[in-house]
Chemist: 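The structure under discussion is supplied below as structure tokens; questions concerning it will follow.
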Amino acid sequence: MSPATGAVTDALRELHSRYAGAGEGELADYIPQLALADPGAFGLALVSMDGHRYSTGDAGVPFTIQSVSKPFVYALALSLLGLDEVSRWVNAEPSGEAFNAISLERGTGRPANAMVNAGAIVTTALIPDTPVAPRFGRILDCLSRFAGRRLDVDEEVYASEAATGDRNRALAYLIRSTGPLPVDPVAAVETYFRQCSVRVTALDLAAMAATLAHGGVHPLTGDRVVAEPVAAQVLAVMATCGMYDASGDWLLRVGLPAKSGVSGGVIAAGPARFGLAAYSPLLDRTGTSVRGRLAIGTLSERLGLHLMHNPALAGSTVTLVTTAGGPPGGPEAGSGRGGVAVAAAQGALDFTAAERVLYALDEAGTGRTGAVVLDLVRVTDIDTVARAMLRSGLARLAADGRPTAVADPDGRLVEPGEEAGATRSFASREEAVARCAATASSW
């Protein structure tokens, strides 16, 4: 982990430490195989729009995706059939009821939305099934592209779901009795069970959420998984329906499109900002991970991630990554032998912008030993979260033995009541570079 970008990981680690001891909640014992999960498992992961990955705890532990699959299969149905056709079969209204409730529209029999089980079963049934492209093969390919790697099925969980899934079968037959189920109920539910049994990690889920947040483009692979309008439609339904009968309270308090699953996975997406995921199998009454809900809610509040908050101005946050006193990318770049690495930013900086700047600081000094200057001359505003992140990143670099300085003529990194110069700030980039170069040459 690099010194500067460690500031983001530090935030995840602090939340992991804070909530790892939260012991309330229950395992999903109505699916016997899920009741065997480690109740102490807890992982957090975040993927930025630039494809930077951060994680802590059990973020690499595999578990089954369960209901977190629903938004992605909904995205597949929208991509193949279009919004109007999908909406003929599945509504997009909050149900205000539990995930396995009988939420069917009076008069038409349409499920309330694609995030509850009834709607998800219909959505799964809408995926075309042909000898060349079987329905589940399409679904697995879609989930794998969202994750950025080939996923597989946990056959033991699938068998456990199939053995105990009579309520879902009853839902399918009830929907079929009203008309709007385009395939045989048995086939629809068996495919749905297999879809829920696909194996993922929290890092996979963070990448999947980030793909939706990135307008359908995977931020690590560059693969366009779905069109931008489809990603926006899915995020809209996640925002209003993704947390079942707690969706309104979640949107009010956390303010991020999200989806939970009974294996303990939770995803949240910050459009054009990040994908976030948590894994912990102890569930609250709504079937949501207790630790995941606490961690994501606290992170949103602490970092100002609520969707309705006024975001930083769009545009290029990092305008320059180069070396002063040597050619950009040359042999002296970031080496401390005649070159001072410089990362310049502009505009208003929030959490997402600060993460990008921190990554640029690391990229500017590829040798990991040289002097670094952060140029904030063209920055118009820094919110409280971004200020704390940048100060933490610079402190880490300094603790790692690298001379640091900031071109900050307006004192935007200075905390209220702090003495001027506490952050080694200078009026211009040239002055900051000169001071860093002098410090480096005295090693």
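Residues: numbered from 1 along the sequence shown.
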Chemist: Cation-pi check for Y158 against R194: NZ or CZ below 6.0 Å from the six-membered ring centre and within 45 degrees of the axis, yes or no?
Modeler: yes
Chemist: Taking R291 for its side chain and A20 for its backbone only, find out whether a donor-acceptor pair lies under 3.5 Å.
Modeler: yes
Chemist: So, E161 and Q66: side-chain donor and acceptor under 3.5 Å apart, yes or no?
Modeler: yes
Chemist: For the residue pair A348 and A353, what are the closest heavy atoms and their distance?
Modeler: O-CB, 4.2 Å
Chemist: What verdict does the side-chain contact (heavy atoms from CB on, under 4.5 Å) test give for L299 and V254, after you've listed the backbone C-alpha separation in whole Å, the side-chain angles of each residue and the deciding distance to 0.1 Å?
Modeler: CA-CA 9 Å; L299 190 68; V254 182; over 6 Å; no
Chemist: Do other residues, nucleotides or ligands put more than 12 heavy atoms under 6.0 Å from the CD atom of E85?
Modeler: yes
Chemist: What residue among N117, T123, T124 forms side-chain hydrogen bond (donor to acceptor under 3.5 Å, both in side chains) with K70?
Modeler: N117
Chemist: Please determine whether the number of non-hydrogen atoms from other residues, nucleotides or ligands lying under 6.0 Å from atom CD of E228 exceeds 12.
Modeler: yes
Chemist: So does Y244 get a backbone contact from the side chain of S247, meaning a donor-acceptor N/O pair under 3.5 Å?
Modeler: yes
Chemist: Give a yes-or-no answer on whether the side chains of T286 and D284 include a donor-acceptor pair shorter than 3.5 Å.
Modeler: yes
Chemist: Does the D38 side chain pair with the main chain of G40, one donor and one acceptor, at a distance under 3.5 Å?
Modeler: yes
Chemist: Under 3.5 Å, is there a donor-acceptor pair between the side chain of T298 and the main chain of L294?
Modeler: yes
Chemist: Examine distances only and state if a side-chain atom of D383 and a backbone atom of A386 form a donor-acceptor pair shorter than 3.5 Å.
Modeler: yes
Chemist: A172 and V189: which non-hydrogen atoms are nearest, and at how many Å?
Modeler: CB-CG2, 3.4 Å
Chemist: Report yes if the side chains of T288 and L283 come closer than 4.5 Å at any heavy-atom pair, otherwise no.
Modeler: no
Chemist: Would you check if the side chain of R138 reaches a backbone N or O of A133 as a donor-acceptor pair within less than 3.5 Å?
Modeler: yes
Chemist: Quick one: are H218 and F146 in side-chain contact, heavy atoms under 4.5 Å?
Modeler: no
Chemist: Does R53 reach the main-chain N or O of L203 with its side chain, forming a donor-acceptor pair under 3.5 Å?
Modeler: no
Chemist: Determine yes or no for a side-chain-to-main-chain donor-acceptor pair under 3.5 angstrom, with H306 supplying the side chain and L252 the backbone.
Modeler: yes
Chemist: Can you name the nearest heavy-atom pair linking G393 to L358, along with the distance?
Modeler: CA-CD2, 3.8 Å
Chemist: Over all heavy atoms of both residues, which pair between L256 and A269 is shortest? Give the atoms and the distance, please.
Modeler: CD2-O, 3.8 Å
Chemist: Quick one: CE on M243 to NZ on K259, what's the gap to the nearest 0.5 Å?
Modeler: 7.5 Å
Chemist: Less than 4.5 Å apart, any side-chain heavy atom of L276 and any of I296?
Modeler: yes
Chemist: Side chains of E155 and S197: does their closest heavy-atom pair fall under 4.5 Å?
Modeler: no
Chemist: Drop me the distance from Y74's OH to I127's CD1, to the nearest 0.5 angstrom.
Modeler: 11.5 Å
Chemist: Does L81 reach the side chain of L126, with side-chain heavy atoms less than 4.5 Å apart?
Modeler: yes
Chemist: Taking the six-membered ring for Trp, is the centroid-to-centroid distance between F42 and Y19 below 6.0 Å?
Modeler: no
Chemist: Could you walk me through whether Y279 and V266 satisfy the side-chain contact (heavy atoms from CB on, under 4.5 Å) test, starting with their C-alpha distance in whole Å, then the side-chain angles of each, then the deciding distance to 0.1 Å, before giving a yes or no?
Modeler: CA-CA 6 Å; Y279 167 60; V266 185; over 6 Å; no
Chemist: Under 4.0 Å between a side-chain nitrogen and a carboxylate oxygen: does that hold for R285 and E26?
Modeler: no
Chemist: Verify side-chain contact (heavy atoms from CB on, under 4.5 Å) between L212 and F72, making sure each step is shown before the conclusion.
Modeler: CA-CA 9 Å; L212 289 175; F72 305 103; 3.6 Å; yes
Chemist: Does the side chain of L305 reach to within under 4.5 Å of the side chain of F351, using non-hydrogen atoms?
Modeler: yes
Chemist: Could you measure the distance from the CZ atom of R145 to the CZ atom of R224? Nearest 0.5 Å is fine.
Modeler: 10.0 Å
Chemist: What pair of heavy atoms forms the shortest contact from A210 to P219, and how long is it?
Modeler: CB-CG, 3.7 Å
Chemist: Hey, does M115 have a side-chain heavy atom less than 4.5 Å from the side chain of V237?
Modeler: yes
Chemist: Quick check: closest heavy atoms across F63 and A202, and the distance to 0.1 Å?
Modeler: CE2-N, 3.7 Å
Chemist: Closer than 3.5 angstrom, by distance alone: can the side chain of S48 be matched with the main-chain N or O of D50 as a donor-acceptor pair?
Modeler: yes
Chemist: Please determine, by modelled atom types, if Q195 and S69 share a side-chain donor-acceptor pair under 3.5 angstrom.
Modeler: yes
Chemist: Quick one: which of T201, T221, D204 gives a side-chain hydrogen bond (donor to acceptor under 3.5 Å, both in side chains) with R149?
Modeler: D204
Chemist: Under 3.5 Å, side chain of S160 to main-chain N/O of Q33, donor-acceptor pair present?
Modeler: yes
Chemist: Which distance, rounded to the nearest 0.5 Å, do you find between the CG of D350 and the CD of E355?
Modeler: 10.5 Å
Chemist: Hey, are the side chains of M208 and L143 touching, using non-hydrogen atoms and a 4.5 Å cut-off?
Modeler: yes
Chemist: Output the distance between atom CG (L361) and atom OG1 (T404), rounded to the nearest 0.5 Å.
Modeler: 9.5 Å
Chemist: side-chain contact (heavy atoms from CB on, under 4.5 Å) between L413 and L394: does it pass, once the steps are laid out?
Modeler: CA-CA 11 Å; L413 276 193; L394 289 167; 3.8 Å; yes
Chemist: Output the distance between atom CZ (R396) and atom CZ (R391), rounded to the nearest 0.5 Å.
Modeler: 15.5 Å
Chemist: Could you walk me through whether R135 and E190 pass the salt bridge (charged side-chain N to carboxylate O under 4.0 Å, His left out) check?
Modeler: CA-CA 11 Å; R135 177 177 293 114; E190 292 308 307; over 6 Å; no
